[in-house]
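Below is one structure, written out as structure tokens, with a few remarks after it.
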Amino acid sequence: MATLESKTPSGPLADKWRKHKADIKLVNPANKRKYEVIVVGAGLAGASAASSLADLGYKVKCFVFHDSPRRAHSIAAQGGINAAKNYQNDGDSVYRLFYDTIKGGDYRSREANVHRLAEVSVNIIDQCVAQGVPFAREYGGLLANRSFGGAQVSRTFYARGQTGQQLLLGAYSALMRTAGAGTVDLRTQKEMLDLVVVDGQAKGVIVRDLVTGALERHAADAVVLATGGYGNVFNLSTYARGSNATAIWRAYKRGACFANPCYTQIHPTCIPVSGDYQSKLTLMSESLRNDGRIWVPKKKEDRLKDPSTIADADRDYFLERMYPAFGNLCPRDIASRAAKRVCDEGRGVGPSGLGVYLDFSDAISRLGANGVRERYGNLFDIYHEITAESAYEQPMRIFPAVHYTMGGLWVDYNLMSNIPGLFVLGEANFSDHGANRLGASALMQGLADGYFVIPYTIGDYLATQKPGSRPSADGAQFKAAEEAIRTMTKRFVDNQGREPVSHFHKRLGKLMWEFCGMARTKAGLETALQKIPELREEFWANVRVPGSAETLNQSLEQAGRVADFLELGELMCRDALTREESCGGHFREEHQHPDGECKRNDDGFGHVAAWEYRGEGQTPQRNVEALNYEFVKMSVRNYK
Amino acid sequence: MVAANTTQPLSITLRVWRQADARQPGKFVEYQAKDLSPNMSFLEMLDVVNDQLTGKGEDPIAFAHDCREGICGTCSCTINGKPHGPGKGVATCQIYMRAFRDGDVVTVEPFRAAAFPVVKDLITDRSAFDKIQSAGGFITVRAGSAPEANGMPVPKPDADLAMDAATCIGCGACVAACKNASAMLFVAAKVSHLGLMPQGQAERDRRVLAMVGTMDELGFGNCTNYYECSAACPKLISHDFIARMNRDFLTASFRTSFKPESAGASGGAA
């Protein structure tokens with residue numbers, strides 16, 4: 001059984017990180033170049049980690065499955081990044097950002113981690129501005145802010161509706177600088193397919209060259225995974241098509257615990273599904289809720305009427321009605337469930353009845369169409385491309401969609417998993433968002449982990465490793481891992497099945513959305529736990545992967561990722577079934593207050609569930625890390 | 001609402017460039033794509049065709065894609081001779097079938113440029129762009145050493161213009177659209193973004209010289225002012241930035257020619 005020691009430092013909350021930095025071990029500059037660190041992934045967390053570790057003097061090898069690190073899905077984040085700068089003079093502080101994030105996460109994250117995140121948020125903005133990130137500015141030349149869900153202050157920094165793109169290009173520029181200088185050995189189009197554990201410690205990876213199909217063994221003194229989230233288990237999501245769980249899932253099967261897999265975020269404002277062929281759901285940034293008002297008709301029979309003909313008195317601005325204090329800016333989980341509820345009542349709009357209006361007519365009369373265009377022009381353009389409708393002339397139609405996963409590999413305060421030497425950053429870990437992430441906090445966490453946490457904490461582990469002690473990539477564990485991958489690959493291409501990979505991915509997605517989506521029940525989850533293994537069996541018997549393994553083969557890449565989703569989906573349902581409470585993004589219909597709000601069970605489930613793999617066909621072990629709230633009282637979240 | 005005439009399904013004939021790998025010759029192959037919803041994206045249409053090919057045991061069409069919302073810059077098809085196809089200011093993934101008519105013959109090929117060799121079918125190798133970035137597309141700043149963010153005001157017009165340039169998604173449509181396969185719009189966008197910000201001044205000369213030099217070495221052509229690049233750009237980045245880069249390049253060339261280098265530049269640690 002894995003030991004889960006959070007290594008949270010003692011002492012007052014605000015002193016923990018400072019004290020920890022002073023206490024942890026250092027590696028002297030001459031020794032740093034003797035250590036080799038593998039970083040997998042180059043989104044915000046991976047690129048910032050790789051370049052920062054290289055600048056410190058470590059030898060870094062960075063693997064990316066994309067053709068360029070600039071393609072990582074961090075690029076698609078739209079709205080912004082939070083930081084406790086208090087530039088608006090509206091009462092923000094590190095403590096408030098910490099408190100909003102803990103509360104937003106429905107009291108299921110670690111206090112010390114979240115406080116550290118809030119502390120370094122201010123350094124992130126400094127770092128990004130120095131890199132030339134063109135954040136929005138006021139006429140005086142100083143930085144502008146906007147509001148985001150779950151907060152009553154304006155602390156979100158943004159670059160039009162492309163904040164993720166600009167932050168990623170900043171981190172990418174640092175990565176390319178270090179790659180050009182030779183301090184990062186950047187390998188693109190290489191997909192990690194296994195983690196190599198030697199004597200209980202993470203010491204390397206197996207990667208597949210996606211162009212030649214060659215398998216490669218790489219040894220290192222430590223491995224950093226920054227490979228993003230696993231929302232594509234639902235098939236339809238706002239994730240990029242290539243986003244996958246393979247790196248973290250294979251690490252799980254090598255012994256890394258997977259924490260809170262059932263915590264998934266359903267984002268309230270996405271463009272509704274239009275057909276069976278659909279490959280992707282597109283997000284409309286949460287920032288739109290600053291100026292857009294969400295409503296449905298009060299009467300069912302109005303739901304197909306032209307919205308402009310529905311009088312104001314006949315509209316139900318349901319978020320403003322249910323949550324007057326936060327209104328349209330309540331947190332994502334709450335807004336999504338409210339939208340589901342009004343659609344379940346038969347008041348949803350659009351052809352499918354699965355949609356609500358996001359209306360800008362008030363904002364347009366207040367700011368003028370140009371004022372709205374300046375804030376959200378690119379989002380209105382995206383909406384128009386997809387739907388052929390103009391949101392300047394009629395309300396947008398939106399519906400919740402899978403957007404982010406709060407769960408991930410379990411890590412301690414140093415961001416190290418229970419496998420020594422394996423570090424996990426960004427969305428791939430479980431650490432900071434509890435059961436629900438607030439808007440504009442994902443970018444903050446990715447960059448915090450990469451620029452300001454791992455550069456300190458990795459030294460604490462490496463200092464325990466003798467320089468030059470890293471094993472050879474020709475060792476037995478490396479060869480065995482490579483061989484296992486070769487066998488799996490061969491099984492795919494030799495399989496004489498009839499259905500493409502997408503067939504199984506779509507079916508898995510439908511099961512997950514129905515039984516492990518916005519609302520979950522015991523009976524539904526039990527059904528899913530029966531159906532997913534059946535689907536998995538059918539997949540292995542009947543999947544067709546044309547072509548060879550010795551070349552670029554996109555079906556083969558997809559087959560491996562979907563094989564992992566078919567296992568991970570089951571673990572998510574198992575976690576959701578075991579967690580007999582509702583919290584944040586995890587809503588169990590059996591556990592709700594009379595008004596439909598989440599009913600937590602702090603005594604029974606005020607903990608992290610970290611699942612441990614015990615072999616094929618075995619039920620995984622559920623380990624528990626208690627969450628000790630020393631500074632904040634776990635209370636009922638109230639946005640009313 | 002979606003116009004009524006866009007709900008009729010349509011069928012098209014695809015002429016797709018098939019090429020097994022960089023070393024083998026390619027050719028166009030025809031496929032029928034039938035009963036398509038006009039609200040389907042162009043890439044979703046390719047997904048459907050690929051699933052049909054897979055069912056028949058044939059090799060599906062390899063094409064580059066990822067975010068499918070026009071921001072990652074991965075997708076890169078030339079459709080009917082136009083990089084990213086018939087839209088304006090959009091990437092391939094943002095083309096919807098409603099842009100075509102029933103019975104159309106649609107030709108799909110990879111971005112063509114000597115500096116972007118074909119990897120397979122519609123996928124090209126655009127790593128040349130990463131090499132240009134490594135040469136100088138950055139501001140050198142280590143994590144931890146940055147000054148307070150509001151310590152350096154940036155006039156809003158400059159920040160806005162820098163953002164216009166910074167929206168480049170690095171797709172390479174500008175190169176594919178240019179008869180000289182020039183990368184000048186791509187390079188100009190990065191040079192201008194960083195050169196417009198006060199933070200970018202310390203490395204301004206070095207950056208433009210290194211990026212332009214690398215671009216030339218990698219086999220991209222020069223600009224002859226046809227501006228096809230801007231027309232094809234999914235972010236509609238203006239060719240004005242090329243003029244700005246040329247000015248920066250000239251100034252930097254003069255300045256570095258006549259500026260003596262400090263003897264301490266090559267070291268001097270005590």
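Residue numbers begin at 1 in each chain, while the letters A, B, ... track the order of the sequences.
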Quick check on A:Ser48 against chain B: is it the side chain, the backbone, both or neither that has a heavy atom closer than 4.5 Å? neither
Are B:Asp66 and A:Lys280 packed together at the side-chain level, in the sense that at least one heavy-atom pair is separated by less than 4.5 angstrom? no
Okay, side chain of B:Gln199, backbone of A:Val129: is any donor-acceptor separation there less than 3.5 Å? yes
Picking from A:Arg177, A:Glu138, A:His66, A:His73, which has the most non-hydrogen pairs under 4.5 angstrom with chain B? A:Arg177
Can you check whether A:Gly132's main-chain N or O pairs, donor with acceptor, with B:His193's side chain at less than 3.5 Å? yes
Identify which of B:Met45, B:Lys120, B:Arg142 forms the greatest number of heavy-atom pairs closer than 4.5 Å to chain A. B:Arg142
Report which part of B:Val90 has an atom under 4.5 Å of a heavy atom belonging to chain A: side chain, backbone, both, or neither. side chain
Of all heavy-atom pairs linking A:Arg241 and B:His65, the shortest is CB-CE1, 3.7 Å
Report which part of B:Glu58 has an atom under 4.5 Å of a heavy atom belonging to chain A: side chain, backbone, both, or neither. backbone
Select one option (side chain, backbone, both, neither) describing which atoms of B:Asp121 are under 4.5 Å from chain A's heavy atoms. neither
Is B:Ile61 close to chain A through its backbone or its side chain, or both, or neither, when contacts mean heavy atoms under 4.5 Å? backbone
Given a strict heavy-atom distance threshold of 4.5 Å, which part of A:Ile386 is in contact with chain B: side chain, backbone, both, or neither? both
Less than 4.5 Å to any heavy atom of chain B: does that hold for the side chain of A:Leu169, its backbone, both, or neither? side chain
Is chain B contacted by the side chain of A:Val501, its backbone, both, or neither, given a heavy-atom distance below 4.5 Å? neither
Where is the tightest heavy-atom contact between A:Tyr172 and B:Phe129, given as atom of each residue plus distance? OH-O, 4.4 Å
Distance, nearest 0.5 Å, that separates CG of A:Leu143 from CG of B:Asn150: 4.5 Å
Who among B:Thr140, B:Asp59, B:Val119 has the most heavy-atom pairs with chain A under 4.5 Å? B:Thr140
Residue selection (most heavy-atom pairs with chain A, distance under 4.5 Å) from B:Gly55, B:Pro147, B:Gly89: B:Pro147
Select one option (side chain, backbone, both, neither) describing which atoms of B:Leu43 are under 4.5 Å from chain A's heavy atoms. neither
Quick one: closest heavy-atom pair of B:Val141 and A:Ala130, and the distance? CG2-CB, 3.8 Å
May I ask you to check whether B:Glu69 and A:Thr282 show a side-chain donor-acceptor distance below 3.5 Å? no
If you round to the nearest 0.5 Å, how far is NE2 of A:His503 from OG1 of B:Thr54? 13.0 Å
Report yes if some heavy atom in the side chain of A:Leu552 is under 4.5 Å from a heavy atom in the side chain of B:Ile123; otherwise report no. yes
Is it the case that the side chain of B:Gln94 and the backbone of A:Ile382 share a donor-acceptor pair, with hydrogens and angles ignored and the cut-off at 3.5 Å? no
Gap between atom CD1 of B:Ile169 and atom CD of A:Gln165 - 0.5 Å precision: 8.0 Å
Decide whether A:Ser68 and B:Asp130 meet the rule of one side-chain donor and one side-chain acceptor closer than 3.5 Å. yes
CG (A:Asp276) and OG (B:Ser37) are apart, to the nearest 0.5 Å, by 11.0 Å
Shortest non-hydrogen pair, A:Gly180 vs B:Ser134, comes out as CA-CB, 3.9 Å
Part of A:Tyr277 lying under 4.5 Å from any heavy atom of chain B: both
Side chains of B:Met40 and A:Gln278: does their closest heavy-atom pair fall under 4.5 Å? no
B:Asp51 (side chain) donor-acceptor with A:Ser502 (main chain) under 3.5 angstrom: no
The interface call for A:Gln554 against chain B, heavy-atom contacts under 4.5 Å, is side chain
Return yes when atom OH of A:Tyr456 has more than 12 non-hydrogen atoms of other residues, nucleotides or ligands closer than 6.0 Å, and no otherwise. no
Walk me through whether B:Glu148 and A:Lys85 qualify under salt bridge (charged side-chain N to carboxylate O under 4.0 Å, His left out). CA-CA 10 Å; B:Glu148 155 58 37; A:Lys85 284 284 198 186; 3.0 Å; yes
Do you know which of A:Ala76, A:Ser52, A:Gly170 has the most heavy-atom pairs under 4.5 Å to chain B? A:Ala76
A:Glu374 versus chain B, heavy atoms under 4.5 Å apart: side chain, backbone, both or neither? side chain
Under 4.5 Å from a heavy atom of chain B, the part of A:Asp55 involved: both
Is chain B contacted by the side chain of A:Ser51, its backbone, both, or neither, given a heavy-atom distance below 4.5 Å? neither
Can you tell which of A:Phe135, A:Tyr139, A:Tyr451 has the highest number of heavy-atom pairs within less than 4.5 Å of chain B? A:Tyr139
Could you look at B:Ser127 and say if it's the side chain, the backbone, both or neither that has a heavy atom under 4.5 Å from chain A? neither
May I ask you to name which of B:Thr167, B:Leu196, B:Asp21, B:Asp125 has the most heavy-atom pairs under 4.5 Å with chain A? B:Thr167
Of the backbone (N, CA, C, O) and the side chain (C-beta and beyond), which part of B:Val154 lies under 4.5 Å from a heavy atom of chain A, both, or neither? both
Under a 4.5 Å heavy-atom cut-off, does chain A meet the side chain of B:Met197, its backbone, both or neither? side chain
Most heavy-atom pairs under 4.5 Å with chain A, out of B:Pro153, B:Pro198, B:Ala149, belong to B:Ala149
Would you say the side-chain atoms of A:Asp126 pair up with the backbone N or O of B:Ala146, donor to acceptor, closer than 3.5 Å? no
Do the side chain of A:Gln131 and the main chain of B:Phe138 share a donor and acceptor less than 3.5 angstrom apart? no
Taking side chain as everything from C-beta outward and backbone as N, CA, C, O, which of these in B:Asp47 sits under 4.5 Å from a heavy atom of chain A? Side chain, backbone, both or neither. side chain
Presence of salt bridge, A:Glu385 and B:Arg98, under 4.0 angstrom: no
Is the closest side-chain heavy-atom distance between B:Arg68 and A:Ser279 below 4.5 Å? yes
Does any N or O in the side chain of A:Arg71 come within less than 3.5 Å of the main-chain N or O of B:Gly73, such that one atom is a donor and the other an acceptor? yes
